[in-house]
Amino acid sequence: LEHLHLFSFLDRIDHDAVDVALPRKPPTHLPHLRDVILQYDYPPTIACFLSQFILPPSANLEIQGFVVEPVPGSAFEASLADMLPVDSSRTFPSLKCVTQVSLTVKGTTFRLVGTNEDTDGGKLDLSTCEDFEMFYDVSPIFPTGLRDINRVFRGAPVRTLSLDGVNAAV
């Protein structure tokens, strides 16, 4: 398998019951995978799905996820990092080698990209599918994105950090 593209596929799994939906077994190595594109699914479902695999360091991973609606009264924060498994560096080993990171905020949507300027593969691209204001008013998007950089790329030898806050609410 070299290409895995899923569009609105994982949302067929009940994201509230995702822990029971996928079997607990050792992750599957996909040594020939070159790119994974997951679009229009929910962060917990994406994270659980990805936890079932170990991608090669040269694989590119692009995820465009929906924001999970907060439970009323909760301290919910929209987070791109929630699209990755808890042990994301095991699933996506190139996270340890990222040297360039960019965070772009446009209005109330955001995108986080990590690459290694020394290699051709291993790009991580996380973004939101929609404007957060569709669900609720979220103003601290930029600080949340900065926390995501720390959560996703912790321990990586990042040399270049680019922040673009087009109409960002800070």
Side-chain angles (χ1 to χ4, degrees), residues 1-71 76-95 97-98 100-116 119-136 138 141 144-145 148-149 151-153 164 166-167:
L1 181 63
E2 292 184 1
H3 308 278
L4 176 60
H5 301 180
L6 301 176
F7 300 92
S8 295
F9 180 77
L10 297 176
D11 65 353
R12 304 293 181 247
I13 300 170
D14 178 4
H15 65 272
D16 292 328
V18 76
D19 286 336
V20 247
L22 293 171
R24 298 280 180 217
K25 60 180 183 173
T28 302
H29 289 266
L30 298 171
H32 303 290
L33 197 63
R34 296 194 318 190
D35 61 85
V36 177
I37 300 174
L38 304 174
Q39 290 184 314
Y40 309 118
D41 287 304
Y42 293 93
T45 310
I46 293 168
C48 187
F49 177 75
L50 287 174
S51 71
Q52 304 298 307
F53 305 103
I54 296 177
L55 309 180
S58 59
N60 295 307
L61 178 59
E62 178 183 333
I63 303 173
Q64 189 179 45
F66 281 117
V67 177
V68 178
E69 286 190 62
V71 175
F76 174 81
E77 286 188 8
S79 174
L80 292 172
D82 291 339
M83 295 184 210
L84 296 175
V86 174
D87 188 7
S88 56
S89 61
R90 181 199 59 161
T91 299
F92 195 55
S94 62
L95 285 178
C97 305
V98 167
Q100 294 180 316
V101 172
S102 69
L103 172 65
T104 304
V105 178
K106 290 185 179 179
T108 54
T109 62
F110 61 113
R111 181 179 184 188
L112 183 60
V113 177
T115 57
N116 183 331
T119 63
D120 283 339
K123 177 180 178 181
L124 175 68
D125 187 339
L126 303 174
S127 62
T128 56
C129 291
E130 69 231 329
D131 196 318
F132 286 115
E133 290 176 339
M134 288 177 63
F135 292 120
Y136 51 93
V138 176
I141 294 298
T144 299
D148 279 346
I149 289 172
R151 282 179 62 194
V152 173
F153 302 110
D164 183 0
V166 180
N167 300 318

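Remember, it's a predicted structure, so these values are computed and weren't measured experimentally.
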How far apart are the closest heavy atoms of S51 and P85, and which atoms are they?
N-CG, 3.6 Å
With sequence neighbours excluded, tell me which residues meet salt bridge (charged side-chain N to carboxylate O under 4.0 Å, His left out) with D87.
R90
For atom NE2 of H5, decide whether the heavy atoms of other residues, nucleotides or ligands shown that lie under 6.0 angstrom number more than 12.
yes
Working to the nearest 0.5 Å, report the span between CG of L126 and CE of M83.
6.0 Å
In Å and rounded to the nearest 0.5 Å, what is the CG to CG distance from L84 to L95?
6.5 Å
Kindly indicate whether the side chain of L103, heavy atoms from C-beta on, has any atom under 4.5 Å from the side chain of D164.
no
What distance do I46 atom CD1 and L80 atom CG have between them, rounded to the nearest 0.5 Å?
10.0 Å
Side-chain contact, heavy-atom cut-off 4.5 Å: L38 with F49?
yes
Check against side chain to side chain contact (heavy atoms under 4.5 Å, CB included), I37 and F7:
CA-CA 8 Å; I37 300 174; F7 300 92; 4.2 Å; yes
Side-chain donor or acceptor of N116 paired with backbone N/O of C97 under 3.5 Å:
yes
Inter-residue atom distance R34.CZ - L55.CG, 0.5 Å rounding:
14.5 Å
Rounded at 0.5 Å granularity, tell me how far NE2 in H32 sits from OG in S58.
10.5 Å
Going by heavy atoms in the side chains, are L124 and F153 under 4.5 Å from each other?
yes
I'd like to know whether R111 forms a side chain to side chain contact (heavy atoms under 4.5 Å, CB included) with D125, so could you lay out the CA-CA distance, the side-chain angles of the two residues, the decisive distance to 0.1 Å, and finally the verdict.
CA-CA 7 Å; R111 181 179 184 188; D125 187 339; 2.4 Å; yes
Please report the interatomic distance OG(S89) to CD1(I54), rounded to the nearest 0.5 Å.
10.5 Å
Test item: N60 side-chain N/O and K123 main-chain N/O as donor-acceptor pair under 3.5 Å:
yes
Given the rule in the side chain to side chain contact (heavy atoms under 4.5 Å, CB included) test, do I63 and L50 qualify, once you have shown the distances and angles that lead to the verdict?
CA-CA 11 Å; I63 303 173; L50 287 174; 3.6 Å; yes
Is there side-chain contact between L33 and L4, with at least one heavy-atom pair below 4.5 Å?
yes
Tell me every residue that passes side chain to side chain contact (heavy atoms under 4.5 Å, CB included) with A81, counting only those two or more places apart in sequence or in another chain.
S79, D148, R151, V152
Would you say the side chain of S127 lies within less than 4.5 Å of the side chain of Q64, judging by non-hydrogen atoms?
yes
I need the minimum non-hydrogen distance between V98 and G114, along with the two atoms involved.
CG1-CA, 3.9 Å
Over 12 non-hydrogen atoms of neighbours within 6.0 angstrom of NE2 in H29
no
Hey, could you give me each pair passing salt bridge (charged side-chain N to carboxylate O under 4.0 Å, His left out) that has a residue in residues 51-62? Not counting sequence neighbours.
none
4.5 Å side-chain heavy-atom contact, L61 and T91:
no
If you compare all heavy atoms of S94 against all heavy atoms of A59, which two are closest, and at what distance to 0.1 Å?
OG-O, 4.5 Å
